[in-house]
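Chain A is the first sequence line, chain B the second, and so forth, proteins listed ahead of strands; every chain is numbered from 1.
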Amino acid sequence: MKELEKTYDPSQIEDRLYAEWTARGYFAPNRPGKPTYTIVIPPPNITGQLHMGHALDNTLQDILIRYKRMQGYDTLWLPGTDHASIATEAKIVEAMRKEGLTKEDLGREKFLERAWDWRKKYGGRIVSQLKKMGSSCDWDRERFTLDEGCSKAVKEVFVRLYEKGLIYRGERIINWCPHCRTSISNAEVNYEEQKSHFWHIRYPLVGGEGYLEVATTRPETLLGDTAIAVNPADERYKHLIGSYCVLPLVGRRIPIVGDEHAQLDKGTGCVKITPAHDPNDFEVGRRCRLPMEVCLTPDAKITDNYPKYAGMDRYEARKAIVKDLEEGGYLVSIEDLTHEVGTCYRCGTTIEPMISLQWFVRMEPLAKPAVEAVREGKTRFVPDRFSKNYFHWMENTQDWCISRQLWWGHRIPAFYCDDCGEVKVTKEPSCLCPKCKKEMRQDPDTLDTWFSSALWPFSTLGWPDETEDLKRFYPTQTLVTGYDIITFWVSRMIFSALEYTGQTPFDTVLIHGLVRDAQGRKMSKSLGNGIDPLEIIDKYGADALRFALATGNSPGNDMRFSDEKIEAARNFNNKIWNAARFVMMNLDIGQVELPPAEKLETEDKWILSRCNAIAGEVCENLDKYELGVALAKLYDFLWSEFCDWYIELLKPRFADKGSASNVVAQNVIAYVLRQTLKLLHPFMPFITEEICAHLPQMKGKAEESIMVSDYPAFDPALSFPEDEERMEKLIDLIRAIRNRRAEMNVPPSKKAHLTVVSDRPDLYGEKTTKFFLKLAYCADVTYASSFEGENTVQVVAGSAVGYMPLGDLVDLEKEKKRLESEKERVENEIRRIEAKLANEGFVSKAPAAVVEGERAKLVKYKETLGKLNEAIAKI
RNA sequence: GCAGGCAUAGCCCAGCUGGUUAGAGCGCUACGUUGACAUCGUAGAGGUCAUUGGUUCGAUUCCAAUUGUCUGCACCA
C-alpha cells in the first residue's frame, strides 16, 4: 500500500486532479434521458478578481452540482462571464486617461477594439480563479454576455418588446452619473447619508410687497426653477395661485401654481419647482404644463445660460449662489440637516436627476405575471423570507431605464432618420428609412448590462432558437446568488423568462449572505479588509476554503470569515488525511468486500449503521438546501464517531494480525471510509479524490474516480439499531470511567482493576474487555452480577456499575457526596418526567411517540437510580 | 416613514416543521505523547436561550409588544 505523506499538502494535489477531471470530461457527464439538473452561474464581471463572495457562491453551486452528478442526474453547470458595461468601460477609460487619451480621441471603433483586448486579457483571469476553487463547470459551454448568441437574444428581446409596446423612448427624469457620464437605473442608485443644510430663500412676489419663503437642499438648482408650488387647499397662499414671483439672482418671472405635491404641514408650504432636475418637480411640471429649464450640463456644471455661474461645478455653484443670495438679502436662514443622497453604485458619485431622452421598459405588465409565478410557487426562494423582498420590489417598481451612454455593451437596435425623424427598431445591423429610403443612423447608446444578464438562463442555452440544449436543460433547477442581487438580477430573470419562454427560469433560488471580515464588517477596498480567496487557497488549499465557507453557513445569513475558521478547516483536512493514513497502514487486503452481518462485531455494525444513518440525513439536508448542516454532520461523524471511537476500538483488532476479526475490521473500515469520503466529496473534492485513489477498490464495483461514483443513500440493510444502542451503552460507561478518573486526577499510567456489575451480559463480557483495557485505562476487567468490596470508586452508566479500587485516591466522603449529588440530579429528572406523565393533558394530547419517549427515559433514569442507590449503599 | 433580519457559552455561530439533560468550533483550565494526527487525545468550567405578555398539556422554538442591532425600500421643498 502506497503511503501518504504525514501532513496533507493540497498544493501538491489540487491542480493535478483538476486537470485530470477536465481531461476525462467529468464535468459534462452527458446522460441524455436522465433527469436533468441545471445551474447557470451568476456570471462574474470580466473586470473582476475572485473575491470571497464569488468563493462562497461557487462553493455552494459546486456542492450542489457534484451531489446531483453523483446521484446520476444529467447535470449541467453552465459557466460564463459578464461584460459589465459600466464597470469595464470605467476601467478602460481610466487606463486611457493615464495615457492622456479620452474616448472621444479614440472614437467608438478603436475604443471597442481596446475593450475586446481587455476582455481577452482579463476575461480569462476570473475563469482560471474559479477553476482553482474546484468548480466543476462545463467549460465547453462557457458563455459571455456579449458573445454572438447572447447578442442575438438581446436584439430579439428588444424588438419583441418594442413591437408589443413594452419598450418605449421618452423624456423622463433619470438618474445621471456625472462621473460615468451615463444614465443609470433606479436599482443602480445607492442612498447614502450626508450632512447638509436647508437653505431658506425668499422669492419676492411680482406686483406686491411680500415674498414667499421656500427651503431647499439644492440652492444651485434655483437657476432651473420654473414655478413655485403651493397646495391648492392652503389658506395662506391659495389666493396667490396664478400670480408670479421673481426668481432671485436670475430675475425671471415664475408662476405660483397649485399642486398637491406641496404639503400643508411641511416646511413653509411653498416648494420651488425645478422640473428638469428633480423627479417630483418633473411630475408637477407635467401637471401644470411648466417649461423645463435645464441648468446643469452632463458633467454637472452650470450651463452657459447663466453666464455668472457658467462652467462652475455644482458644488462650486452652490457656494457662489448661496453667497449671492445672502448678499442680495434673499437668504433667510440656514438649517443643519442630514439626509440621504443618491449615489452611483459603481463609482459612488452623487447622482444628478436630469431630464433626458432615454429608452425604458414598461414594467407593470411584466411585473404582474412575475409576482404571480412566485406566489404560485413556480419559483421558490430559500429561505422563503426573500420572496417578500421580491414582491415588495416587483409591486412597486417603476419603468426601467435601459439605455446607457456607453460604448461597451449591446448597442440599441434602434435607427433614426436624420431627415424625417422616422424611428425603426430592427435586428438588422443597418437599415434604410422606410419613408426617405436614406441610410438610417443607429442609436449610439448601449443597453444596461442587466438587460443581457436578465436573459442569461436561456440565452446561454441557445434561445431564441429551439436548440437541443434549450430543450434539454431549460428551465434550470437552482440559482445560487446573494441577497444583494435579487432586485438587479433575479427578479429581472424571472419576468424576462416568463415573457419570452413562458416559464420561470429556475425552480429554486438559493440565497446566501455576505462574507464579512472577522469583525463582521463588509469587506471593501476602501477599508482594505478584503481577504483574497486565492491567498487562502495557496496557504490552506481549496478544500479548506470551501469547508470554511460552507460549514455552519445557513441560507440567507451573512457569515464571518476568520483565521480561526480557516484553521479549523485546515485541521479537519488534516484529520481526514491522517485517518486515511491510519486505515491504509493497517490494510493488507487487495480489495474490499463487506462481510455478511453474522461475521461483524458489534462495533462494526455500529459504525456501519451510523454511517448509513448519516448518509440518509446528509441527503435529506442537501435536498433541503441545508448545506451547512449536512457538512457539520459529516464533520462530527468523521471526527468523533469514526476517528475518536471506531478507530480507537479497532486498534486491538489491528494489532491482532492475521485473525479473522482483523480481516473483517479491514473490510469494514475501508468501506466506511470510502462511503464517508463520497459523502464529503461535493464539499471537499480534492482531498477526497486523492485519498480514494489510494484506497483499495470495492470488489466487483471498481470506481474510476470518486467524482463519478454513486452518492451514498440510506440503505435499510445496513441499519443495526440494536448494535447502535449496545455501543452507545459501552461508550457511556467508558466515558464515565474516564470522567471519574479525571476528576480524581488519576493519570492514565495508573491502571485500575475494573469490575462491571450488570444484569445485561449481552452488553458487557469477554468481548468488551479489550475496550476497557485500552480506552478506560484498566488493568483487567471482571464481570459479575454483584460486587462486595470496599474503598472503591463507583461509576454508574450504561445500565451498569463499574467498580474500581483506586486505593488511597478514594476519598470516601467526597465519593459519597458525588454519588448523592448525582442521585439528586437523576431524582429531579424522574420527578420532572413523572409530573409530565401524570399530567392528563400531556398524556392525552401529546403524540404517542413523545409520550413513549418520556416513558423510556423514565425507565432509564429509574434503572440508573437503582444503580446509584446500590453504589451508595456500598460506602 | 414602510418592510425584513438578527439577539443562544468569554468569542464566533448551529439548533429544520414546539417535547433535547440546549450543542459544535475557537478560547480557557487540568491531565496526557515511542508509531494515524500536538494541525492531536481525555476530561472540565462556562448559558434564566434579550425583556414582557400570550397561545399550548408543554415555548429557545409559534404569536404580540418592548429594547438593542443590522439590512433593504421610500421620502426629505
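Residue A:Asn739 has its side chain nearest to B:rA43 when only B:rG25, B:rA43, B:rU20 are considered.
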Nucleotide N/O to protein N/O under 3.5 Å, stretch nucleotides 32-36 of chain B:
from	atom 1	to	atom 2	distance (Å)
B:rA36	O2'	A:Asn578	OD1	2.7
B:rA36	O2'	A:Arg581	NH1	2.8
B:rA36	N7	A:Lys651	NZ	3.3
B:rA36	N6	A:Glu648	OE2	3.2
B:rA36	N3	A:Asn578	O	3.1
B:rA36	N3	A:Ala579	N	3.4

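A:Asn190 and A:Thr343 share no donor-acceptor pair across their side chains, judged by distance under 3.5 Å alone.
In RNA chain B, stems built from 3 or more consecutive Watson-Crick or G-U wobble pairs, each with both distances under 3.5 Å, span B:1-7 with B:67-73, B:28-32 with B:40-44, B:50-54 with B:62-66.
Rounded to the nearest Å, the gap between the P atom of B:rG10 and that of B:rA50 is 13 Å. Straight-line distance between the C1' atoms of B:rA9 and B:rU33: roughly 30 Å, to the nearest whole Å.
Residue A:Tyr390 is tested with A:Tyr483, A:Phe381, A:Trp489 for a ring pair (Phe, Tyr, Trp, His ring centres under 6.0 Å); the sole match is A:Phe381.
If you find the closest nucleotide of RNA chain B to A:Tyr777 and to A:Gly342, the one lying nearer the 5' end belongs to A:Tyr777. Of the residues near RNA chain B, A:Thr7 and A:Tyr483, the one whose nearest nucleotide (by heavy atom distance) lies more toward the 5' end is A:Thr7.
If you check every strand for non-hydrogen atoms under 4.0 Å, A:Asn280 touches sugar and phosphate atoms only.
Here the C1' atom of nucleotide B:rU39 and the NZ atom of A:Lys539 are 13 Å apart, to the nearest Å. Between A:Met744 atom CE and B:rA43 atom C1' there is a gap of 13 Å when expressed in whole angstrom units. Straight-line distance from the CZ atom of A:Phe488 to the P atom of B:rG72: 11 Å, rounded to whole Å. A:Phe198 has its CZ atom 15 Å from the P atom of B:rC75, to the nearest Å.
The phosphate of B:rA43 (OP1 or OP2) has a side-chain N or O of A:Arg738 nearer than 4.0 angstrom.
Counting only residues at least two apart or on different chains, the salt bridge (Lys or Arg N to Asp or Glu O under 4.0 Å) pairs with a member in residues 847-865 of chain A are A:Glu834-A:Lys862, A:Lys836-A:Glu854, A:Glu852-A:Arg855, A:Glu854-A:Lys857.
Side chain A:Arg825 to base B:rU21: a donor-acceptor pair is found below 3.5 Å.
Note: A:Phe683 and A:Phe547 fail the aromatic proximity criterion, with ring centroids not under 6.0 Å apart.
Looking at A:Asp281, its side chain never comes within 3.5 Å of a backbone N or O of A:Pro275 through a donor-acceptor pair.
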